[in-house]
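Have a look at the structure below, then the notes.
Because the structure is a prediction, the values reported are computed rather than measured. As a basis for the values below, the full set of heavy atoms in this structure was taken, side chains included, without hydrogen atoms, waters or symmetry mates.
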Amino acid sequence: MSCPIVELTKQLISCPSISPDDAGCQAILISRLKRIGFVIESMNIGDTKNFWAWRGHGKSLAFSGHTDVVPTGDLQYWIHPPFELSMQNGILFGRGVADMKGALAAMIIAAERFLTIYPMHKGRLVFVITSDEEGSGKNGTVKVVEELIARHETLDYCLLGEPTSTQTVGDVIKNGRRGSITANIHIQGLQGHIAYPHLADNPIHHTIPILHELLATQWDTGSEFFPPTCMQISNIKAGTGASNIIPGDCFIKLNFRFSPKLTEILIQQRVQDLCNRYDCRYNITWQSIRKPFLTLNGDLIDVVVKTVEYYTNSAPKILTTGGTSDGYFFKKMGAQVVELGLVNATIHQSNECVKASDLQVLSKMYQRIMEQLII
């Protein structure tokens, strides 16, 4: 593993940074950035580590990413230890190698190479890194951006290293993301003996028609840039496990991934109106609200598209599918936001992996984007 990008990725993978624990990743990144002249400001909040780093003045190009990873799951399903970067037939294995420690390494090496060639670049190169993107995110990028906005900081461009690619690096880039909102619904009943249903009130029986109507609802038809809003049931819990007890309550967790045709307020109102049509007692709490965002056009998306074409001889698909990202927060700072990262086929799975050669290609892409925007 003599490639500097692979070596840096190896160092990051060795840190078991299960969200929101940074486990030493940011100290490695900060050390590298200090060596090439970046000013570093740590912005740690609670159990979350964040930093904001910059070099130069003028138009600002930010690279953003996260050092945290999801849990490994059962280790028996891993063919290599998840926190030891392993290579087999040109494939790198390790938790976070695709999402997104490999991209972080590619960014840092790209910056080092860029500054070796252009030490007097005209624009400002920025890094915004958090250790809580995979978890609640409550003390991560959202808090950093709030602080920066309070100081009247702005960004012109922001590139996130989320794993957007599907088959080859750069075949898909993201110029926006759907919004996300989660509903926690408690349907209240009355516990009783299952042989005496007239003395009880089964909340599961109230839940079934509500879920049936929710699943049959067409929330919207999407748009040119966004697929239709999608609702999925992620959790249902009721009962004690006994076969002779009618449960006293039923809990449902729903998640909506929504397009700009809807707002979180409209979703909340429609769900509440639907529940009110049924004869049951319930309460709803809402969490994890993330609004959709979109970068329609501008220098950043043009440069990213041309850079991908330069290295792959193919134009990327420009999509807004997939999960949420921290890109939404950077839109608040006035930035054009685009996501470009590694292949996402194995993210959050056992044996997460990427091609070693993909790290080199991605780093070259990042360096060329710097060259096109801030020299």
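- In terms of modelled atom types and a separation under 3.5 Å, the side chain of Ser14 and the main chain of Gln11 share a donor-acceptor contact.
- Ser180 and Arg257 are linked by a side-chain donor-acceptor pair at a separation below 3.5 angstrom, with hydrogens and angles left out of the test.
- Two residues are said to be in side-chain contact when any heavy atoms from C-beta on lie closer than 4.5 Å; Val305 and Pro316 meet this criterion.
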Take Phe225 and Leu296 through the side chain to side chain contact (heavy atoms under 4.5 Å, CB included) test and state the conclusion after the steps. CA-CA 9 Å; Phe225 301 103; Leu296 272 176; 3.2 Å; yes
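- Ring geometry for Tyr196 versus His193: interplanar angle over 60°, hence perpendicular rather than tilted (30 to 60°).
- Between His206 and Tyr278, the ring centre distance reaches or exceeds 6.0 Å.
- Side-chain contact check for Gln349 versus Tyr77: every heavy-atom pair is 4.5 Å or farther apart.
- Environment of CD in Gln76: crowded, with over 12 heavy atoms of neighbouring residues, nucleotides or ligands closer than 6.0 Å.
- Annotation: the span from Thr285 atom OG1 to Ile185 atom CD1 amounts to 9.0 Å, rounded to 0.5 Å.
- Remark: the Glu309 side chain and the Asn313 side chain contain no N/O donor-acceptor pair separated by less than 3.5 Å.
- By the 30° and 60° cut-offs, the orientation of the rings of Phe256 relative to Trp286 is tilted.
- For the atom pair CG (Asn44) and CG (Asn139), the distance works out to 10.5 Å, reported to the nearest 0.5 Å.
- Between Lys331 and the options Leu294, Leu155, Val145, Val337, a side chain to side chain contact (heavy atoms under 4.5 Å, CB included) holds for only Val337.
- Using modelled atom types, one side-chain atom of Glu352 and one backbone atom of Gly96 make a donor-acceptor pair closer than 3.5 Å.
- In this structure, the side chain of Asn344 engages the main chain of Pro163 through a donor-acceptor pair within 3.5 Å.
- Side chain to side chain, Ser259 and Asp220 meet the donor-acceptor criterion of an N or O pair below 3.5 Å.
- In the model, Ser131 has no side-chain atom that pairs as donor or acceptor with a side-chain atom of Asp68 under 3.5 Å.
- Within a 6.0 Å radius of CD in Gln88, other residues, nucleotides and ligands contribute more than 12 heavy atoms.
- Although no hydrogens or angles enter the test, the distance criterion places no donor-acceptor pair under 3.5 Å between the side chain of Arg178 and the main chain of Thr321.
- Note: Cys25 SG to Ile30 CD1 = 11.0 Å, rounded to the nearest 0.5 Å.
- Between His66 and Glu162 there is a side-chain heavy-atom pair separated by less than 4.5 Å.
- Thr164 places no side-chain N or O within donor-acceptor distance of the main-chain N or O of Lys174, the cut-off being under 3.5 Å.
- The minimum heavy-atom distance between Pro292 and Phe226, with the atom names listed, is CB-CE2, 4.4 Å.
- At a threshold of 4.5 Å between non-hydrogen side-chain atoms, the residues Thr130 and Asp326 count as touching.
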For the pair Glu147 and Lys143, evaluate salt bridge (charged side-chain N to carboxylate O under 4.0 Å, His left out) and give the outcome as yes or no after the intermediate values. CA-CA 6 Å; Glu147 173 62 25; Lys143 295 295 186 183; over 6 Å; no
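- Ile109 CD1 to Gln360 CD: the interatomic distance, rounded to the nearest 0.5 Å, is 11.0 Å.
- Counting heavy atoms from C-beta on, the side chains of Lys261 and Trp219 never come closer than 4.5 Å.
- Residues Leu61 and Asp156 fail the side-chain proximity criterion, which asks for heavy atoms closer than 4.5 Å.
- At least one donor-acceptor pair closer than 3.5 Å links the side chain of Gln26 to the backbone N or O of Lys49.
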Start with the C-alpha distance between Gln287 and Lys253, add both sets of side-chain angles, then the distance that settles side chain to side chain contact (heavy atoms under 4.5 Å, CB included), and finish with yes or no. CA-CA 10 Å; Gln287 67 182 99; Lys253 185 183 285 286; 3.4 Å; yes
Evaluate side chain to side chain contact (heavy atoms under 4.5 Å, CB included) for Tyr157 paired with Val303, printing each intermediate quantity in order. CA-CA 11 Å; Tyr157 316 110; Val303 165; over 6 Å; no
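- Between the side chain of Ser363 and the backbone N or O of Leu359 there is no donor-acceptor pair closer than 3.5 Å.
- A donor-acceptor contact closer than 3.5 angstrom links the side chains of Gln367 and Glu371.
- Between Lys101 and Glu134 there is no salt bridge, since no side-chain nitrogen of the basic residue lies less than 4.0 Å from a carboxylate oxygen of the acidic one.
- With rounding to the nearest 0.5 angstrom, the SG atom of Cys353 is 12.0 Å from the CD1 atom of Ile347.
- Judged by distance alone, the side chain of Asn276 and the main-chain N or O of Gln272 form a donor-acceptor pair under 3.5 Å.
- Counting only N and O atoms by type, the side chains of Glu339 and Ser325 include a donor and acceptor under 3.5 Å apart.
- No side-chain heavy atom of Tyr311 sits less than 4.5 Å from a side-chain heavy atom of Val169.
- Residues Lys138 and Asp132 share a closest heavy-atom pair of N-OD2, 3.9 Å.
- For the pair Arg177 (side chain) and Phe293 (backbone), a donor-acceptor distance under 3.5 Å is absent.
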Before giving the answer on side chain to side chain contact (heavy atoms under 4.5 Å, CB included), spell out for Thr312 and Asp171 the whole-Å C-alpha distance, their side-chain angles and the decisive distance to 0.1 Å. CA-CA 8 Å; Thr312 68; Asp171 62 355; over 6 Å; no
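- Heavy-atom neighbours of Lys364 NZ from other residues, nucleotides or ligands within 6.0 Å: at or below the threshold of 12.
- In terms of heavy atoms, Arg124 sits closest to Ser60 at NE-OG, 2.7 Å.
- Proximity of the aromatic rings of Phe127 and Phe51 is defined here by a centroid distance below 6.0 angstrom, and this criterion is not met.
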Please assess His186 against Arg281 for the test side chain to side chain donor-acceptor pair (under 3.5 Å), listing each intermediate value before the final yes or no. CA-CA 8 Å; His186 286 86; Arg281 293 174 295 140; over 6 Å; no
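- Other residues, nucleotides and ligands place more than 12 heavy atoms under 6.0 Å from the CD1 atom of Ile79.
- The only member of Ile233, Leu254, Ile252 that meets side chain to side chain contact (heavy atoms under 4.5 Å, CB included) when paired with Leu214 is Leu254.
- For the residue pair Asp22 / Ser17, no side-chain donor-acceptor distance below 3.5 Å is found, with atom types taken as modelled.
- Atom CD1 of residue Ile13 and atom CG of residue Leu8 lie 10.0 Å apart, to the nearest 0.5 angstrom.
- Looking only at distances, a side-chain donor or acceptor of Arg95 sits under 3.5 Å from a matching main-chain atom of Pro71.
- A cation-pi contact links Arg368 to Tyr310, judged by a cut-off of 6.0 Å to the six-membered ring centre and 45° from its axis.
- No side-chain heavy atom of Ile210 sits under 4.5 Å from any side-chain heavy atom of Arg277.
- Side-chain atoms of His348 and Asp99 form a donor-acceptor pair, as typed in the model, at a separation below 3.5 Å.
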